[in-house]
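Contents: one structure, followed by commentary.
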Amino acid sequence: MLGMKNKEISIFMDRMGDLLEFKGENVFRVNAYRKASRILDQLTEDIEKMEAEGRLRQIQGIGEGIAKDIRDYLATGTIERYITEKKDIPDSALEMMSIPGVGPKSASLVYKELGLKNIDELEKAIQEGKLRELSGFGPKKEENILRGIQLYREGSSRMLLGPAFLLVDEILEYMKPVKAIQRIEPAGSFRRRKESVGDIDILVTAKDPRAVIQHFVKYPGIIDVLGAGDTKSSIRIKGNLQVDLRVVEEDSYGAALQYFTGSKEHNVKLREIARQKGLKVGVYEGDKKIAGKEESDVYESLGMNWIPPELREDIGEIKLAQEGRIPPLLEFKDLKGDLHCHSTWSDGKHPIEELAEYTQKMGYEYLAITDHSGSLKVASGLSSGDLHEQIKEIKSLNRKYQGFTLLTGNEVDILSDGSMDYPDEILKELDFVIASLHIASKKDEKGNTERILAAIHNPYVTTIGHLTGRMIGERDPYPMDIEAIFKAAAETGTALEINSSYQRMDLKDVHARKAYEMGVILSMGTDTHSIDTFRDVRLGISIARRAGIPPEKILNTWPLEKIHQFKLNKMKKLIR
DNA sequence: GCCGTTTTCGGCCCGACTGTTTTCAGTCG
């Protein structure tokens, strides 16, 4: 499965970074491992395959040393150098560095001087007043660490992008009455639309910064005010999420927005480029500071095009911007319809007519009705007879609409033997067929892959729904040979879905990018069961943008005729 | 540990904030 080893080694490299940092190694050596971890996490190729083809050293940031570590891991399942470096330092000692306010210096100091081996012992030592005996430690620091421990135990809470959108909407709405605010915009990983965010950053320009802060710290649902200065405030809200708000001068708004949007790696690379040009990027004072009212000023003064936030992960976007080759990215206005939703015919909450009415108001030209097929009893799947009745209803409704069309369709279950839950004669009649795995094996990679491949080779299947089956934080992706699947999808002219429901987000960004690179067309579906989730299309758009997929590779940007043609083309190709 | 049309050695992003200090170290983003 693509990414299996990538992920494992990425985690290993990150731990290696922690370990070296704890031991007080050269920070650049530490960073080299951190960087390697990130590279492996975002790599769209299978590391095992690259190693087999002798291409490890072609990856920027992987040198001879780390290449050896990777080969080591692939051969033995562990990394020799890691074991040597680690010796008898327990993992629980390294874990102390995860506490906010405790870094490598403090963690290794208390380990060496006081023999503290884990967080519990650290807590006890503070309570017994032992920590303040160490130089550099005082009562404030003790208090800070105790609070950090408490926070860490409550669970490092990352919020999924879906709920984050709702929260940001709510905060912006709450801040609206403050007259002093001129501009207000979320920055950080939310603005980059990462699938989960660790905190929310909000950037403001205002005539009266104090009025803004004073209002902000009274936000309902607040648990704690972590800090409230003249221009910056941090609060903690329910769910243990931190929200930072900063007020900056209008003249440096663009530079600040750039800085606080990140990613860190993207900014590091920009500063390197700035340094070469004798410039400085940043929001703070400096001789040759690039100030900028607009964010595009920053990028332009560095000799490149403005880069959409979703691409700012230092995975090649800077080079593209320098060459003026940033691709146009998907926007809501490009979308002509939604291609996955459920009605009262199966487990949806609303009758077809209401779904149609709602999506017309969103400005869509079409909507595919894709209820479940018969085998999926838990979701009240439709029998063949039901489906025929539903097709009749859709055709009758379509006669009422102008400039809007309902597509007949279904989310057909892929059965355990890889066959489809309806016979071909029925699938043939439908405008849009999604084939989905709803029950799959957690172990049988080969079996899962074969079922998907069988569906892809069915001439009437338009797209594969929520391919990997993951439910973020609840269920891991089912193991499957992603590359073989992408290849088959590209060859047969089968689309793959970007499922936008907030817990699925499946395909995820890295996979969507890989699929696009391999020539696959993507379809977007909200998998709506209740009309308030049609708005989750913005999650799908986020994935497509982070994947760098141009709009014309997304089925939903096409006119209806072309979607029909897509299905016909596949049928022509596969039926002889 | 990685990298190189300034370098195979000597660099590697950088400033704010906090607490403990009295000139600075550690942490964070």
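Throughout, protein chains are lettered first and strands after them, A, B, ... in sequence-line order, and every chain is numbered starting at 1.
- One interatomic measurement links the two molecules: CZ of Arg29(A) to P of dG1(B), which rounds to 4 Å at whole-angstrom precision.
- For the pair Ile145(A) CD1 and dG19(B) C1', the interatomic distance rounds to 11 Å; values are reported in whole Å.
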| From CA spacing to verdict: side-chain contact (heavy atoms from CB on, under 4.5 Å), Met175(A), Phe216(A) | CA-CA 7 Å; Met175(A) 295 303 290; Phe216(A) 177 66; 4.1 Å; yes
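- As judged by a 4.0 angstrom heavy-atom cut-off over every strand, Gly188(A) is placed among residues making no nucleic acid contact.
- Distance noted for atom P between dT23(B) and dT18(B): 22 Å (whole Å).
- Along DNA chain B, the nucleotide nearest Asn31(A) and the nucleotide nearest Asp69(A) are compared for position; the residue whose nucleotide lies closer to the 5' end is Asp69(A).
- Looking only at atom types and distance, the side chain of Asn267(A) has a donor-acceptor partner in the side chain of Gln258(A) under 3.5 Å away.
- Between dC14(B) and dC9(B), the distance separating the two C1' atoms is 24 Å to the nearest Å.
- The separation between Lys264(A) atom NZ and dC28(B) atom C1' is 8 Å, rounded to whole Å.
- Contacts between residues 75-84 of chain A and DNA chain B, defined by a heavy-atom separation below 4.0 Å, involve Arg81(A), listed by number.
- A search for ring pair (Phe, Tyr, Trp, His ring centres under 6.0 Å) contacts involving Tyr219(A) returns Tyr174(A), not counting sequence neighbours.
- Between the P atom of dT27(B) and the CZ atom of Arg147(A) lies a distance of 17 Å, rounded to the nearest Å.
- Separating the P atom of dC12(B) from that of dC17(B) is a span of 24 Å, rounded to the nearest Å.
- A gap of 22 Å separates the C1' atoms of dT6(B) and dG1(B), to the nearest Å.
- For Lys68(A) and Glu51(A), the salt-bridge test fails: no basic side-chain N is under 4.0 Å from an acidic carboxylate O.
- Using the Watson-Crick or G-U wobble rule with both distances under 3.5 Å, dG10(B) pairs with dC3(B).
- Rounded to the nearest 0.5 Å, atoms CG (Leu19(A)) and CE (Met16(A)) are 6.5 Å apart.
- Counting non-hydrogen atoms of neighbouring residues, nucleotides and ligands closer than 6.0 angstrom, the CZ atom of Arg29(A) exceeds 12 such neighbours.
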Just the table, please: protein N/O against nucleotides 10-12 of chain B N/O, every pair under 3.5 Å.
none

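- Among the nucleotides dG1(B), dT27(B), dG29(B), the one closest to the side chain of Tyr259(A) is dG29(B).
- Of the inter-residue distances, the one linking Lys7(A) atom NZ with Ile47(A) atom CD1 reads 14.0 Å to the nearest 0.5 angstrom.
- When the C1' atom of dG26(B) is taken as reference, atom CE of Met97(A) falls 14 Å away, rounded to whole Å.
- In this structure, CG of Leu109(A) is placed 11 Å from C1' of dG26(B), rounded to the nearest angstrom.
- Arg34(A) places its CZ atom 13 Å from the P atom of dG29(B), with the value rounded to the nearest Å.
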Which protein N or O atoms sit under 3.5 Å from an N or O of nucleotides 20-24 of chain B?
residue	atom	partner	partner atom	Å
dT20(B)	OP1	Gly138(A)	N	2.8
dT20(B)	OP1	Gly138(A)	O	3.0
dT20(B)	OP1	Pro139(A)	N	3.4
dT20(B)	OP1	Lys140(A)	N	3.4
dT20(B)	OP1	Lys141(A)	N	3.1

| query | Which parts of nucleotides 3-9 of chain B does protein reach within less than 4.0 Å, heavy atoms only, written one letter per nucleotide 5' to 3' as B for base, S for sugar-phosphate only and - for none? | reply | SS-----
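- Put simply, the residue from His266(A), Lys194(A), Arg546(A) that forms a side chain to side chain donor-acceptor pair (under 3.5 Å) with Glu313(A) is Arg546(A).
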| task | Start with the C-alpha distance between Arg34(A) and Val30(A), add both sets of side-chain angles, then the distance that settles side-chain contact (heavy atoms from CB on, under 4.5 Å), and finish with yes or no. | result | CA-CA 6 Å; Arg34(A) 292 267 157 75; Val30(A) 172; 3.8 Å; yes
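- Using C1' as the reference atom, dG29(B) and dT21(B) are 24 Å apart when rounded to the nearest Å.
- No side-chain donor-acceptor contact under 3.5 Å links Tyr33(A) and Asp18(A).
- Residue-environment remark: CD (Glu143(A)) stays at or below the threshold of 12 foreign heavy atoms within 6.0 Å.
- Taking the P atoms as reference points, dA16(B) lies 23 Å from dT22(B), given to the whole Å.
- Ile307(A) is listed as a side-chain neighbour of Tyr299(A), based on a closest heavy-atom distance under 4.5 Å.
- Here salt bridge (Lys or Arg N to Asp or Glu O under 4.0 Å) pairs that include residues 160-171 of chain A, with residues two or more places apart or in two chains, are Asp169(A)-Arg538(A).
- Note that Arg513(A) lies outside the cation-pi zone of Tyr516(A), set by a 6.0 Å cut-off to the ring centre and a 45° limit from the axis.
- Regarding Ile200(A), its CD1 atom lies at a distance of 16 Å from the C1' atom of dG29(B), rounded to whole Å.
- Across dT7(B) and dG15(B), the matching C1' atoms stand 28 Å from one another, rounded to whole Å.
- Relative to the six-membered ring of Phe190(A), Arg193(A) meets both conditions, a distance below 6.0 Å and an angle of at most 45° to the axis.
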